[in-house]
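Taking it in order: structure first as structure tokens, then the write-up.
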Amino acid sequence: MTSILKRATALATLMACALPAAAQDAGNLDKDKADAGQRPPAYSPYAERNFPTRPFFGDTHLHTAFSMDAGAFGARVDPREAYRLASGEEITTSTGQPLKLSRPLDFLVVADHSDNMGFFPDLFAGKPNVVADPTGKKWYEMVKSGKGADAAIEIIVAFSHGTFPKDIMYFPGTAAYKGAWQETIAAAETYNKPGLFTAFIGYEWTSNTGGNNLHRNVIFRDNGDKASQVEPFTVYPPYGSDNPVDVWKWMGAYEEKTGGDVLAIAHNGNLSSGTMFPTVEQFGKPVDRDYAEQRAKWERLYEISQTKGTGEAHPFLSPNDEFANFELWDKGNLDGSIAKTQDMLEFEYARSAYKNGLKLEKELGTNPYKFGLVGSSDAHTGLAAMEEDNFFGKTVPQEPSPERLGATFIDNAQTGVKIMDWEVGASGYAAVWAEENTRTSLWDAMQRKETYATTGPRMVVRFFGGWDFESKDAQDRLPAQIGYAKGVPMGGDLHQAPEGKSPTFLVAALKDSIGANLDRYQIVKGWLDAEGKVHEQVHDVAWSGDRKPGADGKLPPVGDTVDVANATWTNTIGAPELIAVWTDPDFDPTQRAFYYGRVIEIPTPRWTAYDAKRFGIKALEGTRMTITERAYTSPIWYTPAG
Amino acid sequence: MAASDIRKWHGALRRRPAAFAAPARRGLGMATALMAVLASSQGVACGYHDPQLVQRGFLNWAFPDSLHVVGAIAMEVGARRLPPPDTYPAEPDLFGRRYRAAMVALKQFGDMLAPGAQHPVALVLVEPMLWTRFEPLAGEMSTRVHVAGAEPGDLVLVSGEVVIREIVARRLSLVDAEERGLLRLYGPREQISRFLSTNRHIGAATEREASAASGVAGNTHVRGRLGH
């Protein structure tokens with residue numbers, strides 16, 4: 001007895017000592033904290049709300065004069081001016097035209113090419129690292145004295161003969177390159193205004209072997225203190241590589257070295273000759289579990305729409321989708337040196353990659369193509385100006401002028417691949433559902449894929465998936481509250497369907513406040529059946545007016561108010577808002593699936609119509625003069641049990 | 001773009017008519033070499049391979065803001081103060097029609113220039129990147145179209161085809177063109193000033209406008225030739 005009593009006493013003492021000192025002194029107890037678990041809901045429905053309440057619009061892919069090719073084609077807008085424009089100021093473009101966006105963007109990534117970054121501006125500015133070298137100084141003085149063309153010839157001859165001064169070579173590890181990268185960082189740091197405008201630090205890794213586009217934009221979550229500890233990964237050996245696997249290794253090394261975070265966004269699978277979304281092998285190595293895991297880890301997003309075509313779907317792959325043939329560039333690879341063949345298409349478009357991703361997940365255990373979606377420009381002008389009535393081209397020669405409606409962009413006589421300037425799209429932007437406009441909040445939202453792509457307009461799009469949405473949820477004026485409470489947002493996952501339930505989706509879209517009405521909200525479903533075959537189906541979920549699907553299940557067109565000659569349209573058709581709850585009618589809980597939203601506007605004038613009207617010229621035969629702008633949400637994936 | 005592609009591009013250009021198809025030799029060399037740099041650096045990311053446009057892009061660095069002429073022309077065309085350029089649509093100039101038209105206009109422009117300017121002048125038309133030199137020789141302006149580029153000491157003019165055509169048609173004075181940004185000058189300040197004061201009247205529609213431009217009312221102004 002005595003020993004038990006002693007133990008009990010010891011335990012009581014231990015527990016007494018273990019109790020927080022505050023509990024022993026009631027005078028220090030915080031009543032609010034103590035009562036938090038039992039607090040009744042606040043009167044204000046918005047108090048303590050902890051989900052994103054607005055999308056932030058930006059461009060994750062803009063080139064400035066720091067990019068070798070942009071500079072070579074006459075771009076003089078540098079990163080600082082690019083940020084000024086994006087954040088709402090008026091600037092003068094490289095062709096001397098005043099430009100201001102209709103509204104500021106919320107964020108921008110200046111993603112200049114990592115190879116030879118900063119060469120042109122440094123030379124013409126007489127940067128100290130350039131003029132410190134005797135030859136660099138001579139060239140700079142030639143430029144200043146009006147002999148710039150002569151200097152250019154000397155520079156280029158020196159480069160091609162291998163006599164370019166080593167001290168001003170723009171390769172990683174050189175002072176010159178470091179200077180350009182540090183200026184890129186400094187510009188971002190200057191214009192980054194947390195809460196107002198986010199300037200991300202980033203660059204583009206530009207793998208282009210054989211003219212096949214495998215580019216990735218690398219975006220840092222971090223500030224300059226971390227980003228400046230590294231230099232961008234390039235393509236040329238020995239410093240770089242053209243293999244995406246090596247970019248992922250670089251990203252891993254960066255995170256290990258600095259404790260920071262980076263993600264990569266690929267783009268233009270349509271110009272990759274079928275190599276963007278491999279299923280068997282890439283660069284001579286198999287697409288195995290390690291490849292799938294690395295790709296899924298580092299490439300959380302994909303740029304589905306930009307000036308060089310959209311990459312969602314293709315009519316050859318999706319013959320039943322009447323909206324698949326949209327702003328396509330499907331004639332060849334990036335430089336037109338390889339003409340497109342149909343066998344390439346399956347490995348170039350996002351919807352097809354999503355489908356193949358389901359197959360690879362079953363086979364390898366990881367889905368390498370489980371990416372969210374953004375749009376961005378890839379403009380090489382320093383100008384993130386992607387509105388149809390305010391389109392300043394992809395390159396400086398495509399800044400507004402009477403010529404651009406008739407000029408040629410690519411013309412490869414050997415392959416017959418020809419793309420005209422009018423085929424360049426005024427697209428697009430990235431929309432990110434984040435809690436606040438800061439690097440960390442936006443980047444985290446990108447990492448969790450709570451993003452959508454737009455082809456330029458700023459419609460507001462919600463996409464939630466769950467098991468318990470009801471029709472009446474679409475009548476609620478706080479759909480987001482319901483969406484986050486009862487489901488997952490775009491980019492999320494659903495697992496193991498409850499017995500007897502099918503996934504339900506709460507969808508909502510609001511037109512761009514200065515833009516066109518909406519035609520319809522669709523959900524695109526893809527799934528993997530028991531035989532290992534993939535399927536897709538496009539569902540019209542919400543639409544304007546009282547249209548009814550026909551016998552073929554297709555909704556009649558919304559109509560067209562575009563006056564091409566005057567480049568005008570009216571919002572007398574369509575709807576400003578669409579909201580609905582939809583349940584998958586063909587759900588099989590044993591089958592992997594994905595669902596994503598596609599919102600389509602009513603027809604509006606394309607930039608080509610604005611140009612024809614502005615300059616009083618006739619467009620070439622076959623020029624697209626109208627467009628149905630759209631938004632694409634990141635998917636929600638369903639994974640069955642086991 | 002591989003070296004083999006650059007060789008193929010050279011070959012393709014040689015097969016095209018000389019007029020407008022092939023940049024001048026020196027410009028060709030520069031553009032070719034620049035393309036080699038771009039290709040070798042894998043900096044060509046956007047399939048944009050037209051060497052003429054590379055030359056034009058480089059103009060914007062060698063002569064800062066020279067491409068503002070493009071924007072100025074675009075805004076004037078948009079305002080209907082200039083007609084649309086003859087280069088639209090950009091079809092191959094298979095029979096040299098546009099080149100011949102440009103050559104005629106450039107020679108006429110050269111005839112309008114006052115040879116007393118003393119310094120040679122090099123003019124580049126931005127659309128085709130066509131260089132022309134105007135050199136005072138034996139009391140007249142000698143015009144050489146389709147030269148390699150500016151020579152050391154030249155006053156450089158940057159403009160567009162439609163601007164030169166309007167000037168020679170006397171629908172646009174040189175001074176107006178300069179003030180509206182349709183023509184930009186590069187060189188020592190004194191050289192620019194002398195050129196403008198000597199040639200400010202050219203392109204003016206009437207003698208009165210010419211006199212007003214020259215600041216001397218009622219005088220018949222010598223236009224471009226000694227002994228006229």
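Every chain is numbered from 1 and lettered A, B, ... according to where its sequence line falls, protein lines coming before strand lines. No experiment lies behind these values; they were computed from the predicted model shown. Just so it is clear, the values below take in all heavy atoms, side chains as well, and ignore hydrogens, waters and symmetry mates.
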Point to revise | Residues in ring-ring contact (aromatic ring centres under 6.0 Å, His included) contact with Y186(B), at least two apart in sequence or another chain | key: F63(B)
**Study point:** Contacts of type ring-ring contact (aromatic ring centres under 6.0 Å, His included), residue Y239(A), not counting sequence neighbours
**Key:** F171(A)
Side chain, backbone, both or neither: which part of [X] has a non-hydrogen atom closer than 4.5 Å to chain B?
X: P98(A); result: side chain
X: E399(A); result: neither
X: T92(A); result: side chain

Study note, to complete from the structure: Within residues 66-73 of chain B, the residues sitting under 4.5 Å from chain A by heavy atom, in sequence order, are L67(B), H68(B), V70(B), G71(B), A72(B)
Practice item. Under 4.5 Å, counting heavy-atom pairs only, tell me which of S114(A), G211(A), G336(A), P121(A) racks up the most with chain B. Key: P121(A)
Review point. If you tally heavy-atom pairs under 4.5 Å against chain B, which of S401(A), A413(A), A75(A), G71(A) wins?
Key: G71(A)
Review point. Judged by atom type as modelled, is there a donor-acceptor pair below 3.5 Å linking the side chain of W205(A) to the main-chain atoms of S241(A)?
Key: yes
Exercise for review: Verify the distance criterion only: is there a donor paired with an acceptor across the side chains of D112(A) and S67(A) at less than 3.5 Å?
Suggested key: yes
Point to revise | Donor on one side chain, acceptor on other, D335(A) and S337(A), under 3.5 Å | key: yes
Study note, to complete from the structure: side-chain hydrogen bond (donor to acceptor under 3.5 Å, both in side chains) test vs N268(A) passes for just one of H215(A), E303(A), Q306(A), namely Q306(A)
Review point. What class does the angle between the rings of F409(A) and W329(A) fall in, given that below 30° is parallel, 30 to 60° is tilted and above 60° is perpendicular?
Key: perpendicular
Check your understanding: Between H267(A) and H61(A), what is the ring plane arrangement, given parallel below 30°, perpendicular above 60°, and tilted in between?
Key -> tilted
Revision key, fill the gap. Bottom line for P188(B): the part with an atom under 4.5 Å from chain A's heavy atoms is neither
Practice item. Using the test salt bridge (charged side-chain N to carboxylate O under 4.0 Å, His left out), find all partners of R216(A) that sit at least two apart in sequence or belong to another chain. Key: E299(A)
